[in-house]
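Take a look at the structure set out below.
Here is the naming used below: chain letters follow the sequence lines, and residue numbers restart at 1 for every chain. We use all heavy atoms of the structure for the numbers below, so side chains are in, but hydrogens, waters and symmetry mates are not.
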Amino acid sequence: MIVHINHISQSKKGGKKSQLGELASLVTGSLVDLVEGGQLDARIAPSLRIHLDWIQYKTNFRDPVIVRRTTDANGKALALAEVAIDLRQCNAAELPLQLERAARQVSPNANVDDGRMYLDEYRPYRECMIWDFNRLFWRHLGDWEAASGRGFEASLPSGSSDANRPDAVHDSVVEFWQLLTNLDAKKQLPAELPILEIGVGAGTRAAAWIDGFKTYDESHGTSYYDRLQFILGDYSPDTLARACASLGRHKAHIVPAPLDALNPYKTLSQYRFKVLYVHLTNVYDNLPFDDLIRRDGKLYLVEVRAYLSAAAVDRLTADFGITKGDLMGAMRRLLEGGPAAAFPGDKGVSFWRCFWDYFRLEERLRAIDDREEAHVPPGLSWSHLEDLLAEAPEDVRFHISRGAAESFANTLPLLHPRGYLQVQDIFVEDMNEYRKGFKGPGKLDGSLVTWVNGALLRAVGARAGYDVHFRPFTYRPGSKTTVMYTTQKP
Amino acid sequence: MKLPILPTTVIGSYSMPEWLERAKNDYLARRLSKRDLDDMHDAVRKAAIKDQESAGIDIVTDGELQRDNMIDYFTERIPGVQVDLGSKRFYYDFYDTEVRSKLGTGSLGLTEEVKFLKKFTDHSTKVSVSGPHTLVKRIRNSFYKDEAEFAVDLGKALNRELKEMVRTGVTELQIDEPYYSGFPEDLPWAVKAINAVTEGVDAHVTLHICYGNRYGKPSFEGSYKYLFPTILDAKVHALSLEFARRGEEDIQLFKEFKAPFTLGLGVIDVKTQDIESPALVADRIRRALEVVPAERLVINPDCGCVHLPRDVAFAKLTAMVEGARMVRNELGK
């Protein structure tokens, strides 16, 4: 049996540490008791892996103790099994019982019915229904905000978006202006100066940026503002309309572009090799991903199955006056038609919020056949993934940030040879970091958030001829945001 | 071999197979022997020649797939350039290189390419070399007074090699200078360096100037206006320029400056996988004919097809040949 301690705390708060130590001791002690008591399958025990996590998201998709079993590529059960414990959620009183239950579930042939209601089949993360809920959230953001009594930004760790920090916006303006003056000095300044922001929200950052640029440009007498084209890219026409309305004073310089963040090039192909600056904040962390696990040199895809616990089912049926049989139907109506389609009035949003709160994912590991191309993100081949894994620890769980990779690969062709792409987000910059802590997914209000595999994006960039660098976001003390900066290789 | 009017040719490298990229990286990592890699190179060069012949290209090359990139293939060969062979892991990256003493006078060994071509095709053939300005921009200079002096000495080294290649039987040569467009201020001394390359070389020499094609993307943007009138001093027969991706506006510069060169007309955009139709190619040629007579036009892609999948590269070349044929027919030639 191997125990993995997956959390290396950066915190200096000693009290928390000792609590974690006590819980970890309780885990190992309980496991030894289970083995000695014959309650853990002797065939499983030698290869069993115990993972001690500390999930940074207070609301997430896991119960305190979960079991992951494995199958081969065709779904046949394998011996490898894992028990994962979230030390943040669990408590000493319940832990031994939870471990005992896990020990019963860990056998390949175990069939323990604890009354949970499954909402879906096993699927890779990228295809699971969390994305339906994510879409629902962005589509009905106003309803959620009205019910919660606070705006989405207030749910962010800092209480506001890092996109709009005035000093960050100012530095960005100056950096761009300097690029223009360099091009100007070489007589290579294009007649039009297109820049692109993807995921514009209410247009707050765009407004601050253009205001700042106009002022800076005027104070230096360079007249670049006259040639500026600010492309606002967002998938939602409503969002774009709202953002454009807030930018009326710059109307002549605004180009609204309804686009899919996964493929900006498709909409903006007329700007091929022309865009001088692309900016995104917290877009990549909300795009589909997969999780891969390497154990003993073998790769496994994490597949998930959505469920509600028996207690959650009881609460939902009681609180909303429906039968267990009606629950699935209400969920489908919610996802297809929004909260009002699930229940009339405020009850719809209330149901949505409760349902999401109880929503959990069960995990299993499916062995990947050699070179199953379906799991390689756009912009990379299997051999590039192998190169990435060569730099990774032997035993590692990591994200394939396929949505981010796809978006990134489909944005690069827009960049002018001297242009740059700047992404503010939460990145795992090095594969070794995956050994040091949980990197998502977690729930963020009604949406979800996952750290982005920066090492993967670095590989995508290198393949396409770009250097990818990371630097800390220094504008907010304690911020976990990193700035990914991409330029063409010299 | 007598060439038709509006002859077609290629620029730069042919489509690079992913398996060969892998093999090149394996060679760098000492997982593959040089002998095995050379065998692979010979096989893809033959395939590249065959593809060009099948597409109907008039002046063929060996596809240049044995070259890691347009810099290292030369810096590894030029006597006096020190190469840090441990400085790259990905074949397409550049080695760290430096010149600390005057360049030597040894052979670069490029005549092998001429012999290979003559052995495996009876079409007209062409061999390309990277120009001195491009090489100067990639080699750290710790000896020469300035870039201009270094470039002229590089030009002399290339000149010796080109003369040797002519003695081996090559009749078409091309010099690639994609970095002009990024450093227009260098042009006066860059042209002197070109003239050092071509002095006394008895072959038809084309100077290819594009905006870069590294990783299938331009390295620079702008207008060819910067070339004129300085480029008129270049002792070359033809200028091969990129027009398909950038538009044809700059062709007028040939008229405006009464450029005496043959024009290598870029009619295929190699930075997109969209395949041009023969009709589009023909349109591009017709528009060029309004400025440059047919006798002074050569039809080629904007740059190398190295970053395109092989089927796409082949389809583009086929469309280019068909488009040229359509215009030839209209001209009755």
message = Is it the case that the side chain of A:Q488 and the backbone of B:K217 share a donor-acceptor pair, with hydrogens and angles ignored and the cut-off at 3.5 Å?
response =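 Not a single qualifying donor-acceptor pair exists.
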message = Does B:F90 form a side chain to side chain contact (heavy atoms under 4.5 Å, CB included) with A:R463? I'd like the steps, not just the answer.
response = CA-CA 10 Å; B:F90 180 52; A:R463 173 68 186 152; 4.2 Å; yes
Answer yes or no: does atom [atom1] of [X] have more than 12 heavy-atom neighbours from other residues, nucleotides or ligands under 6.0 Å?
{"X": "B:E98", "atom1": "CD", "answer": "yes"}
{"X": "B:E256", "atom1": "CD", "answer": "yes"}
{"X": "A:K489", "atom1": "NZ", "answer": "yes"}
{"X": "B:K271", "atom1": "NZ", "answer": "yes"}

task = Determine whether B:R245 and A:F273 make a side-chain contact, defined as any pair of heavy atoms from C-beta on separated by less than 4.5 Å.
result =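 SC-SC contact between B:R245 and A:F273 confirmed.
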Pick from A:P190, A:P490, A:A462 with the largest number of heavy-atom pairs that fall under 4.5 Å of chain B =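 Max contact count across the listed options: A:P490.
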key: Which portion of B:D93 sits near chain A, non-hydrogen atoms under 4.5 angstrom   =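 Looking at B:D93, just its side chain touches chain A.
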request  = Against chain A, label B:R246 side chain, backbone, both or neither, depending on which of its atoms sit under 4.5 Å from a heavy atom there.
outcome  =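 For B:R246, neither part sits under 4.5 Å from chain A.
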ask   = Between A:Q188 and B:E221, what is the shortest heavy-atom contact and its length?
value =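 Scanning both residues, the minimum pair turns out to be CG-O, 4.0 Å.
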ask   = Which pair of heavy atoms, one from B:S219 and one from A:P417, lies closest together, and at what distance?
value =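 Closest pair (atom of B:S219, atom of A:P417, distance): O-CB, 3.2 Å.
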key: B:F183/A:K186 under side chain to side chain contact (heavy atoms under 4.5 Å, CB included): CA gap, chis, key distance, verdict   = CA-CA 8 Å; B:F183 304 91; A:K186 285 211 154 204; 3.6 Å; yes
request  = Return the option, out of B:S181, B:G216, B:P218, with the maximum number of heavy-atom pairs under 4.5 Å with chain A.
outcome  =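 Going by pairs under 4.5 Å, I would pick B:P218.
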inquiry  = Can you tell me which of B:S223, B:G212, B:G182 forms the most heavy-atom pairs within a distance under 4.5 Å of chain A?
reply    =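 Most heavy-atom pairs under 4.5 Å with chain A: B:G182.
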ask   = How about B:Y226 and A:K187: does a side-chain donor come under 3.5 Å of a side-chain acceptor?
value =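 Short answer, no.
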